[in-house]
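Here the structure is a predicted model, which is why all the values come from computation and not from measurement.
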Amino acid sequence: MATPSSSAPAAAGVDLLAGLNPPQRAAVTADDGPLLIFAGAGSGKTRVLTHRIAWLIQQGRAQPHEVLAVTFTNKAAREMRSRVEQLLNLAAGSIWMGTFHAIAARILRRDGSPAGIDRRFVIYDEGDRLSAIKQVMNEMRLDPKRYPPGSVVEAISRAKDELLSPTAQASAAGTHFEELAAQARVRYEAILEQNHALDFDDLLLRTVRLFEEHEDVLERYQKRFTYVMVDEYQDTNRAQYVMVKQLAGRHRNLCVVGDDDQSIYKFRGADIRNILSFEHDYPDAKIVKLEQNYRSTQRILDAAYHVIKVNPNRADKRLWTDRQGGPKVVVAQTYDEQEEALAVAQEALRLVGDGDYRLGDIAVLYRTNAQSRALEEVLIRRGLPYRLIGGPRFYERREVKDVLAYLRLIANPQDTLAFSRVINVPRRKLGEKSLFQLGYWADAHGMTPWEALNRVEEMTGLAPGAMASLGDFRDMINEVRAASQERRLVEVIDLLLLRSGYERHIQAEGADAQERWANVLELRGLASEYDGLAPGEGLQSFLEDVALMSDVDSLEEGPQGMTLITLHMVKGLEFPVVFMLGMEEGLFPHSRSLDSPEGLEEERRLAYVGMTRAKDRLYLFHTFRRHLWGSATLNLPSRFLADIPPELVDAPPGIPAGVSNAEMAPARAREAARPAAPLEVVQRFFPGDNVEHKLWGRGKVLKSTLTRSDEELIVRFDKAGIKILAVSLASLIKL
């Protein structure tokens, strides 16, 4: 057992067990040793984790710096730290708390030098890695149509997740493609080393290797971390599993929290066996099950349970709640994806119109990103605001990536990808021939392009104008680099934007210049949060945090319209109202899983995750006919719908309870799409009508179309241009 610390924290009098149910209390106060907490959806796992951390510190069993807490998103880590600080009324900055990748990056920057890792390494994101692989494939003269670069990236990533070296990956290759991927990895690793870079998978792989090859480093961290806690343990891959086992190897105070029923990331390397075999790895482990749900109604939980219980490989548990009753689960069939989207929009408007919910309370979940197209079209036509999670990320926008590439080059001039991106942005009178000569000369002399710039005067055949431009670029980067060691990060960015002429570059690029410059200013605003750090350190921390950012991390709170999100991305979130679309055989469960028992089990877990996001209302939609991936198909309802008992289902008008929707004719299916009674639509406007809008002013109607629930207009406004409007929502007056 850990030795109690000599001084008790300031908040020793706070009752950390107040309000906890018996299983939660048992988990928080468990003795030392291995601890497995099965935390069902909505059962308060974050509360248990944070209270256990606070309890250990309050009871003097650990100092804050002796605790390591690992989770899967930066958002979850921030929430955990904030809660611990509130519980203890003290700063929890000394607790190591973050994602696996963030913790690994921190370890490598501190102690990676024995393994040959430059502490100033840059982190290659997905785009960087793909660019590097494309470069490698070009050198190997591989046809990208025959060998998709994304598939090569995935093969290399999976090998690293399994802790395979390049040699071991080559030995394990069973197909020609796998052999080529292993060969590509060798050259790819050379590019990473040349650029002093690590990719996401390297952060974990190199940390495990560091601990294996340098026992003194591992021992130092094992001594430091008296308690190791891991959230979402069901999502760990091989590298994460080994890393956790290494860090907890001395004290064995390993607490893992997870739910095998929510393991949905096998395609990323997650291994459900890690949580199911915990008792085998630690025979003396204490097991606690959190089965009381604080999120959903009992009807929603029962429906989800009947879907998940079919899986044979799961720990036995069933969620319950004090929230008895509630609306039944709505199962509805529509004719096609357009009617599916219309049904969602109509029901959302009804719920909001009744005053029960805001649009921000509603989420629409789907199996594949392609399903959002029809939904977005309908929401745009109806003027319903929404936020699309998984679309183009803020950090993937061109202007943001440009500025980040500049900052990466300032932090690490050896970063050739960053160099290649900005060497001619803004344009510096450097043609393809000049840039080719620079690259050729650098390769011939065994240098990076940046190193070659310092000897640009030696490059014969380079035009005088190009030579001058390259020299100016070198001097500008050196000037900003020097400033980065003395000034705040925001001041460094301001100098960079001024000296590079980037604002003029954007303003000269057209109609969206204002929006693009606003994105640059937004990035500058984000950087201001690092001004409290020492010069140089702020830049490094900012770049690292940006590289490790995910879509869910940047998901803003508050009523900002309906949320459109894939089922894989929604885990960890919750909404009062949830629509799940595309509940059809071949789509969900996905066709790729139909021949694999393991794949079907994961699809069923994915359905369970989606259903348990709903707090009050759950809608499950499927279509008779769907256009997807370039063709139309007739569909059977998902097998998951048949698992839900009829007494839990509320069919909309036109579907008798307990009747299979698969047997219904398309015409009948059209009626099933209407959770609320349709409105009588009367044409009020005609082509040629002069109209006025309170925001856009005067205009003329070009076209009027009656839909099943509204009149849609195409109007050309004198100042605002052409707009598409829904009459029921638009403030439009006929003149």
Go through the steps to decide whether S131 and R421 satisfy the test side-chain contact (heavy atoms from CB on, under 4.5 Å), and finish with yes or no.
CA-CA 11 Å; S131 295; R421 183 176 186 93; over 6 Å; no

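- With rounding to the nearest 0.5 angstrom, the CG atom of L204 is 8.0 Å from the CZ atom of F100.
- Under the ring pair (Phe, Tyr, Trp, His ring centres under 6.0 Å) criterion, F267 pairs with H568, not counting sequence neighbours.
- Between the side chains of Q338 and E340, no donor-acceptor pair of N or O atoms lies under 3.5 Å.
- Shown here are the ring pair (Phe, Tyr, Trp, His ring centres under 6.0 Å) partners of Y265, two or more places apart in sequence or in another chain: there are none.
- When each of I362, L351, V578 is tested with R617 by the rule side chain to side chain contact (heavy atoms under 4.5 Å, CB included), just one qualifies, namely L351.
- The main-chain N or O of L379 is never found under 3.5 Å from a side-chain atom of E377 such that the two would form a donor-acceptor pair.
- Side-chain polar atoms of Q262 and Y608 form no donor-acceptor pair below 3.5 angstrom.
- Under the rule for a side chain to side chain donor-acceptor pair (under 3.5 Å), R238 has no partner lying at least two apart in sequence or in another chain.
- Counting heavy atoms from C-beta outward, L648 and K328 have side chains that stay 4.5 Å or more apart.
- Side chains of S43 and E291: a donor-acceptor N/O pair is absent below 3.5 angstrom, by distance only.
- Nearest approach of A343 to T334, heavy atoms of both residues: CB-CG2, 4.4 Å.
- The two residues R604 and V307 come nearest to each other via the heavy atoms CD-O, 2.7 Å.
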Quick one: do T623 and D336 satisfy side chain to side chain donor-acceptor pair (under 3.5 Å)? Show the steps, please.
CA-CA 5 Å; T623 67; D336 59 15; over 6 Å; no

Decide yes or no on salt bridge (Lys or Arg N to Asp or Glu O under 4.0 Å) for R626 and E337, but give the supporting numbers first.
CA-CA 6 Å; R626 183 179 298 276; E337 67 274 12; 5.1 Å; no

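- Of all heavy-atom pairs between A348 and L359, the closest is CB-CD2, 4.5 Å.
- Between D161 and R268 the shortest heavy-atom distance is OD2-O, 3.2 Å.
- If you check the side chains of T46 and E79, you find no donor sitting under 3.5 Å from an acceptor.
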Dump the intermediate steps for side chain to side chain donor-acceptor pair (under 3.5 Å) on E232 and T71, then the final yes or no.
CA-CA 7 Å; E232 305 286 7; T71 186; over 6 Å; no

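- With K266 as the partner, the salt bridge (Lys or Arg N to Asp or Glu O under 4.0 Å) test is satisfied by one option alone out of E598, E601, E603, E602: E598.
- Taking the six-membered ring where tryptophan is involved, the planes of F717 and H693 are perpendicular, since the angle between them exceeds 60° and thus also 30°.
- Distance check, rounded to the nearest 0.5 Å: CZ of R314 to CD1 of I272 gives 10.0 Å.
- Between Y357 and D616, the side chains place a donor N or O and an acceptor N or O closer than 3.5 Å (distance only, hydrogens not considered).
- Checking T297 against R323 by side-chain atom types alone, no donor-acceptor pair falls below 3.5 Å.
- With rounding to the nearest 0.5 Å, the separation of CG in D259 from CD1 in I308 is 8.0 Å.
- More than 12 heavy atoms of other shown residues, nucleotides or ligands fall within 6.0 angstrom of atom CZ in R158.
- There is a side-chain donor-acceptor pair under 3.5 Å between N274 and T236.
- Screening D231, T99, D235 against F72 for a side chain to side chain contact (heavy atoms under 4.5 Å, CB included) leaves a single residue, D235.
- Here the closest non-hydrogen pair linking A374 and A341 is O-CB, 3.8 Å.
- The local environment of CZ in R318 is crowded, with over 12 non-hydrogen atoms from other residues, nucleotides or ligands closer than 6.0 Å.
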